[in-house]
Amino acid sequence: MYDPNTLRILSLDGGGMRGYVSTNFLKSFVDLWGVNPNELWRYFDVIAGSSIGGILALSLSYGKSPEELLPFFTQNGPWIFTTSTTTPSVTPSTLTKINTIVGGPLSSPTFYPGDTNGIGTKRLKSDLDTEFGTSKMTDLKTTTVITSFEKNNVDPDYGVDTNTPVYFSNSKIVPSLIGQDFNITDVAMATSAAPLYFPSWAIGTDLYIDGGIIQNNPASLALSIAKAKKPAANRYCVLSVGTGLGDVGFPPEQEVRQRVRQEVQEMRKDRKAFADKWRLSSKQLKEVEDLSNNVQALEGGYLIIYLLGASTTGPQEVAAKELFIRSNYTLENLYYYRMQYYFEPSQYTEFDNSTPEILDYYRTSSLEYFNNDIDNISTFIGHLTA
């Protein structure tokens with residue numbers, strides 16, 4: 001019997017298709033631990049997640065095993081992140097992405113279609129409906145916390161419930177947790193509605209966007225909620241699973257500039273071949289041609305890309321560092337394991353890359369990381385089971 005005075009928390013970062021990294025890690029972790037993989041929820045007082053981490057958290061709390069979640073990435077992901085109804089894994093060109101960005105997020109442009117059957121947002125919704133049906137948050141089997149951001153611009157006075165972080169949960173242990181009667185699918189869509197990639201998601205009259213906007217790593221939040229759930233606990237174990245470090249959403253600025261230069265050369269060499277390669281309409285081709293001649297707009301795009309990456313990575317790694325310090329340099333009875341590693345710079349790890357090649361890299365690199373750190377992982381499992 002596990003120590004009843006110990007709180008156990010599982011937290012899952014966002015990262016799009018890089019969630020395949022964390023799912024493979026969890027599969028290896030559960031295999032080593034030896035518990036029932038479909039009952040992972042039994043062993044954690046709180047499971048939390050943001051974005052794809054939110055989808056994984058909901059699935060694990062619903063009774064799915066990590067292994068059952070792997071096909072979400074290999075079979076469904078390539079059709080979620082594609083601009084073609086006939087070909088999976090067709091990402092927009094870098095010029096197209098910058099053109100979407102400088103068009104202005106407030107006009108709700110997206111890299112991937114929100115209203116086309118079989119791909120993009122509609123494919124994601126269909127996949128989640130298949131998994132969760134009409135189940136509500138109250139059908140989850142352990143306390144679950146999912147981050148999102150309520151994005152409502154209809155109130156000119158910016159009231160309390162508009163343009164603000166929100167925390168969906170099946171629990172009412174603290175007043176800030178909402179959405180207990182929401183469908184699980186709606187919460188999953190809300191936490192993963194990444195701006196620029198997908199449109200915001202409506203639940204009732206409210207619009208929500210990706211949880212990574214506020215905190216891509218909700219481990220510290222999950223620990224606080226667990227303490228509220230069991231205030232007499234005096235020992236804490238936090239398993240925080242990242243999705244890898246490297247290109248967070250977008251590649252480094254220098255690489256973006258290089259890609260743009262290459263694409264401009266291709267476009268000027270053969271307009272039709274370029275349009276066919278990137279599935280561009282004549283209107284879209286004209287837009288990216290105009291953009292390629294607008295140095296000021298390109299520079300603005302480069303800056304926004306850099307800030308998007310920094311705003312995601314910064315808060316998540318600050319949260320990780322905070323828990324590391326609390327675990328190693330304070331008297332708090334906290335045991336903490338963080339799965340996070342750097343990708344090879346040569347790999348194309350933007351979080352919408354869903355090709356078989358990158359998925360194979362994620363799988364093998366996750367296994368390599370696990371095997372290289374198995375002593376520390378085994379020690380942490382010992383703390384979990386104490």
Between the side chains of [X] and [Y], is a donor N or O closer than 3.5 angstrom to an acceptor N or O?
X      : Y      : value
Thr147 : Ser50  : yes
Gln75  : Asp127 : no
Thr312 : Asn216 : no
Arg279 : Thr87  : yes
Asn38  : Lys64  : no
Arg338 : Ser240 : yes
Gln284 : Thr96  : no
Ser354 : Asp352 : no

So, using side chain to side chain contact (heavy atoms under 4.5 Å, CB included) as the criterion, who are the partners of [X] when residues are at least two apart?
X      : result
Ser327 : Leu334, Tyr336
Lys141 : Trp41
Pro315 : Gln215

Exercise for review: Show your reasoning for whether side chain to side chain donor-acceptor pair (under 3.5 Å) applies to Asn24 and Tyr369.
Suggested key: CA-CA 11 Å; Asn24 275 284; Tyr369 172 93; over 6 Å; no

Does the side chain of [X] reach to within under 4.5 Å of the side chain of [Y], using non-hydrogen atoms?
X      : Y      : answer
Glu299 : Gln296 : no
Phe274 : Leu285 : yes
Phe44  : Leu60  : no
Asp45  : Ile9   : no
Ser224 : Lys227 : no
Phe111 : Phe198 : no
Thr144 : Val46  : no
Leu245 : Gln316 : yes

Hey, does the side chain of [X] reach the backbone of [Y] with a donor-acceptor pair shorter than 3.5 angstrom?
X      : Y      : answer
Ser126 : Lys122 : no
Asn372 : Glu368 : yes
Asn99  : Leu95  : no
Thr364 : Tyr361 : yes
Asn333 : Asn234 : yes
Asp13  : Gly15  : no
Ser169 : Val145 : no
Thr110 : Pro113 : no
Asp139 : Lys136 : yes
Asn170 : Thr138 : no

Check your understanding: Cation over ring, Lys151 on Phe149, under 6.0 Å and within 45°?
Key ->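 The answer is no, since Lys151 fails at least one limit relative to Phe149.
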
Review point. Hey, is Arg259 close enough to Glu350 for a salt bridge, meaning N to O under 4.0 Å?
Key: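 Yes, Arg259 and Glu350 are salt-bridged.
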
Check your understanding: Ion pair present between Arg268 and Glu263, side-chain N to carboxylate O less than 4.0 angstrom?
Key -> no

Review point. Atom CD of Gln340 and atom OG of Ser22: how far apart are they, to the nearest 0.5 Å?
Key: 9.5 Å

Review point. Nearest 0.5 Å, what's the CD1-CE distance between Ile358 and Met17?
Key: 9.5 Å

Where [X] and [Y] come nearest, the two heavy atoms and their spacing:
X      : Y      : value
Ala188 : Leu128 : CB-CD1, 3.7 Å
Val21  : Gly242 : CG1-O, 4.5 Å
Arg235 : Thr6   : NH1-OG1, 2.9 Å
Thr243 : Arg18  : O-NE, 3.0 Å
Ala57  : Leu12  : N-CD1, 3.7 Å
Lys230 : Pro4   : NZ-O, 3.2 Å

Exercise for review: In sequence, state the C-alpha distance, the side-chain angles, and the governing distance for Cys237 and Leu384, and then conclude on side-chain contact (heavy atoms from CB on, under 4.5 Å).
Suggested key: CA-CA 6 Å; Cys237 293; Leu384 274 177; 3.8 Å; yes

Over 60° means perpendicular and under 30° means parallel, so classify the ring planes of [Y] and [X], tilted if in between.
X      : Y      : result
Tyr62  : Phe132 : perpendicular
Tyr112 : Phe81  : perpendicular
Phe370 : Phe25  : perpendicular

Review point. Which ring-ring contact (aromatic ring centres under 6.0 Å, His included) pairs, counting each pair once, include a residue from residues 221-240, with sequence neighbours left out?
Key: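 Sorted result for residues 221-240: empty, none.
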
Exercise for review: Dump the intermediate steps for side-chain contact (heavy atoms from CB on, under 4.5 Å) on Met189 and Leu124, then the final yes or no.
Suggested key: CA-CA 8 Å; Met189 292 296 295; Leu124 176 58; 3.7 Å; yes

Point to revise | Step-by-step side-chain contact (heavy atoms from CB on, under 4.5 Å) determination, Val238 to Tyr335 | key: CA-CA 6 Å; Val238 179; Tyr335 300 94; over 6 Å; no

Practice item. Decide yes or no on salt bridge (Lys or Arg N to Asp or Glu O under 4.0 Å) for Glu289 and Lys286, but give the supporting numbers first. Key: CA-CA 5 Å; Glu289 281 183 315; Lys286 177 65 166 58; over 6 Å; no

Exercise for review: Please lay out, stage by stage, how Leu56 and Val241 fare under the test side-chain contact (heavy atoms from CB on, under 4.5 Å).
Suggested key: CA-CA 11 Å; Leu56 296 176; Val241 185; over 6 Å; no

Practice item. Kindly indicate, with the supporting measurements, whether the criterion ring-ring contact (aromatic ring centres under 6.0 Å, His included) is fulfilled by Tyr362 and Phe73. Key: CA-CA 11 Å; Tyr362 290 154; Phe73 299 94; 9.1 Å; no

N/O donor-acceptor pairs under 3.5 Å from side chains in residues 171-179, not counting sequence neighbours:
residue	atom	partner	partner atom	Å
Ser171	OG	Ile173	N	3.0

Check your understanding: Under 6.0 Å from the CD atom of Glu332, do we count more than 12 heavy atoms belonging to anything else shown?
Key -> yes

**Study point:** Fellow cluster residues of Ile119, listed by chain then number, with links counted only when side-chain atoms sit under 4.5 Å apart
**Key:**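 Ile119 clusters with Trp79.
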
Point to revise | Derivation and outcome, salt bridge (Lys or Arg N to Asp or Glu O under 4.0 Å), residues Lys321 and Glu317 | key: CA-CA 6 Å; Lys321 181 63 71 176; Glu317 295 310 306; over 6 Å; no

